[in-house]
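Residue numbers start at 1 and run along the sequence shown. Atom set for the values below is all heavy atoms of this structure, side chains included, hydrogens, waters and symmetry mates excluded. Quick caveat: nothing in here was measured; it's all calculated off a predicted structure.
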Amino acid sequence: MRINHSFFSNLAFKIAEKNIGSTNINPSVGCLVVKNNSVISSGLTSVNGRPHAEFNALKKNIDFTGSEMYLTLEPCTHFGLTPPCTEIIKKKKIKRVFYCFNDPDVRTYKMAKKELGKKNIKLIKINNLKNNFYESYFFNKKKDLPFLDAKIALSKDLFTIHKKSKWITNYRSRIVGHLIRSRYDGIISTSKSINKDNSLLNCRIDGLNQLKPDLFIIDRNLKLKKNLKLLNLSNKRKTFIFTISNNINKINYFKKKGCRIIKLKKLNSKQDFNVILRKIYKLNRRRLIVESGLIFLNILIKYKLINNLFIFKSNKKVKNKGYNNDKIIFLRKNKLNNALKVNLNGDKLFKLRIK
């Protein structure tokens, strides 16, 4: 019987997609167990990173003897807070394990083959078209920094601000924007953007309401308003304010609201922003989405800190009701030609590689 490896590996990636951005320092892994060419169990990395996908798939009361396993990432071989996944794979007598990516973690990298071979379990690496699936995880391991993407909305005539409305794009675009937001464990914004829009910066989609990425606010002089709606969420998610200000009254006020104040010596250069990112990395946040105005976005692009930029483009012009407070530098070398295949009721979504 011919086995369709691509079908099963693609299905494993579909499963892994569910928890992207919700698995703490661990990558989201998808796992399928196949017997007689049929899926008999599946699992993915749990929210907050444990248990791992392999454990979740194999914990069921099923006879797994002689089965084949499909993984998006090489199984771990080291003892951490939980035993290595190779142990349960051996215990359940899996026959062959197919996987798509080597794990860059030095405790596991290319070690599973030897470990599983002790029980005559074959480990086979297969090709898959999901080349960028672990882009952020590989970046984290290489740089010891969080992976940074951004999103922004444009009118058809390339304005980012509407003088008469809070919104540039339509309702469908904003819903998809919430979906993108849900795939990150942290949001970076500025006090200027938040003050202007009184944004909540959470995930307001049925089924994803429980996802509340940590909020990191860049507020050099502590100009954040005291009556913002998002301050009411500080007891439901972690909110951090980076500032150089010594305004004790405001610092104490935001602390009472549940915010954590992180003092910086200065905030003028790329090095200063790297200090912020390293602090966020130590807080175990690995995937960040920037939601701000053009000025701050352009600074991060200039410093080459943004990897990918999601652009929602409206199908309507705003003409004399629109304006920009800075240049749209990300369109100098990038033309918006190839929209992603997503139905936005006339609007379009583009993903630009910035780095």
Side-chain angles (χ1 to χ4, degrees), residues 3-35 37-142 286:
I3 301 175
N4 190 336
H5 296 304
S6 294
F7 172 80
F8 290 124
S9 64
N10 284 333
L11 189 54
F13 278 105
K14 287 292 184 184
I15 293 170
E17 284 179 3
K18 179 180 177 182
N19 279 352
I20 288 180
S22 301
T23 54
N24 203 273
I25 64 174
N26 292 331
S28 184
V29 175
C31 175
L32 286 182
V33 185
V34 177
K35 198 169 187 177
N37 216 21
S38 297
V39 177
I40 61 172
S41 186
S42 64
L44 76 161
T45 308
S46 300
V47 171
N48 294 323
R50 296 179 182 85
H52 291 183
E54 297 92 326
F55 177 86
N56 288 331
L58 295 175
K59 66 182 180 181
K60 300 169 186 176
N61 187 22
I62 298 174
D63 181 10
F64 291 105
T65 303
S67 300
E68 295 176 324
M69 176 178 284
Y70 288 84
L71 290 168
T72 55
L73 191 69
E74 176 184 12
C76 68
T77 58
H78 63 279
F79 282 86
L81 296 178
T82 56
C85 292
T86 48
E87 290 298 306
I88 193 170
I89 291 172
K90 291 188 290 186
K91 180 180 179 181
K92 295 293 184 175
K93 299 179 180 180
I94 302 298
K95 181 181 179 181
R96 293 192 296 179
V97 177
F98 299 92
Y99 75 103
C100 297
F101 290 98
N102 290 315
D103 190 338
D105 191 317
V106 295
R107 299 169 297 177
T108 287
Y109 182 69
K110 291 188 175 181
M111 294 183 183
K113 186 174 183 177
K114 180 180 178 180
E115 190 62 34
L116 294 177
K118 295 175 181 179
K119 292 293 184 179
N120 295 318
I121 300 172
K122 292 184 178 180
L123 181 70
I124 304 167
K125 191 172 187 294
I126 58 177
N127 293 324
N128 193 281
L129 297 178
K130 301 284 187 177
N131 293 330
N132 294 323
F133 190 85
Y134 287 116
E135 180 184 18
S136 61
Y137 178 58
F138 294 158
F139 180 92
N140 297 154
K141 288 298 181 182
K142 183 178 180 180
R286 297 294 185 261

*asked:* Between F139 and E135, does the side-chain contact (heavy atoms from CB on, under 4.5 Å) criterion hold? Intermediate values first, please.
replied: CA-CA 6 Å; F139 180 92; E135 180 184 18; 5.7 Å; no

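- At distances below 3.5 Å, not a single donor-acceptor pair connects side-chain atoms of N56 with backbone N or O atoms of G43.
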*Hey, mind stepping through C31 and M69 against side-chain contact (heavy atoms from CB on, under 4.5 Å) and telling me if it holds?*
CA-CA 7 Å; C31 175; M69 176 178 284; 3.8 Å; yes

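- In terms of heavy atoms, E54 sits closest to C85 at OE1-SG, 3.3 Å.
- The local environment of NZ in K110 is sparse, with at most 12 non-hydrogen atoms from other residues, nucleotides or ligands closer than 6.0 Å.
- The two residues A16 and G30 have their closest heavy-atom pair at CB-N, 3.3 Å.
- No side-chain heavy atom of P27 sits less than 4.5 Å from a side-chain heavy atom of N140.
- Residue-environment remark: NZ (K113) stays at or below the threshold of 12 foreign heavy atoms within 6.0 Å.
- Distance alone, capped at 3.5 Å, is enough to place a donor-acceptor pair between the E74 side chain and the M111 backbone.
- Atom CD1 of I20 sits about 8.0 Å away from atom OH of Y134, to the nearest 0.5 Å.
- Side-chain contact between T45 and N19: absent, with no pair of heavy atoms (C-beta onward) separated by less than 4.5 Å.
- If you take OG on S46 and CG on N24, they are separated by 12.0 Å, rounding to the nearest 0.5 Å.
- Within the 4.5 Å cutoff, the side chain of L116 has no heavy atoms near those of the K122 side chain.
- Between F98 and F8, the ring centre distance reaches or exceeds 6.0 Å.
- Considering only heavy atoms from C-beta on, H5 comes within 4.5 Å of Y70 through its side chain.
- A donor-acceptor pair is defined here as one N or O able to donate and one able to accept, closer than 3.5 Å; such a pair exists between the side chain of K35 and the backbone of D63.
- In this structure, K93 NZ and K119 NZ are separated by 9.0 Å, a value rounded to the nearest 0.5 Å.
- Pairing each heavy atom of Y109 with each of P104, the nearest pair is CD1-CA, 4.4 Å.
- A 6.0 Å sphere centred on NZ of K114 holds no more than 12 heavy atoms belonging to other residues, nucleotides or ligands.
- In this structure, CZ in F133 is found 6.0 Å from OG1 in T72, a value given to the nearest 0.5 Å.
- Checked against L73 for a side chain to side chain contact (heavy atoms under 4.5 Å, CB included), the options T108, D105, V29 give a single hit: V29.
- Of the possible donor and acceptor atoms, none in the side chain of E68 sits under 3.5 Å from a partner among the backbone N and O of R96.
- From F101, atom CZ reaches atom CZ of F13 across 5.0 Å, with rounding to the nearest 0.5 Å.
- The structure places CG of L58 at 13.5 Å from NE2 of H52, a figure rounded to the nearest 0.5 Å.
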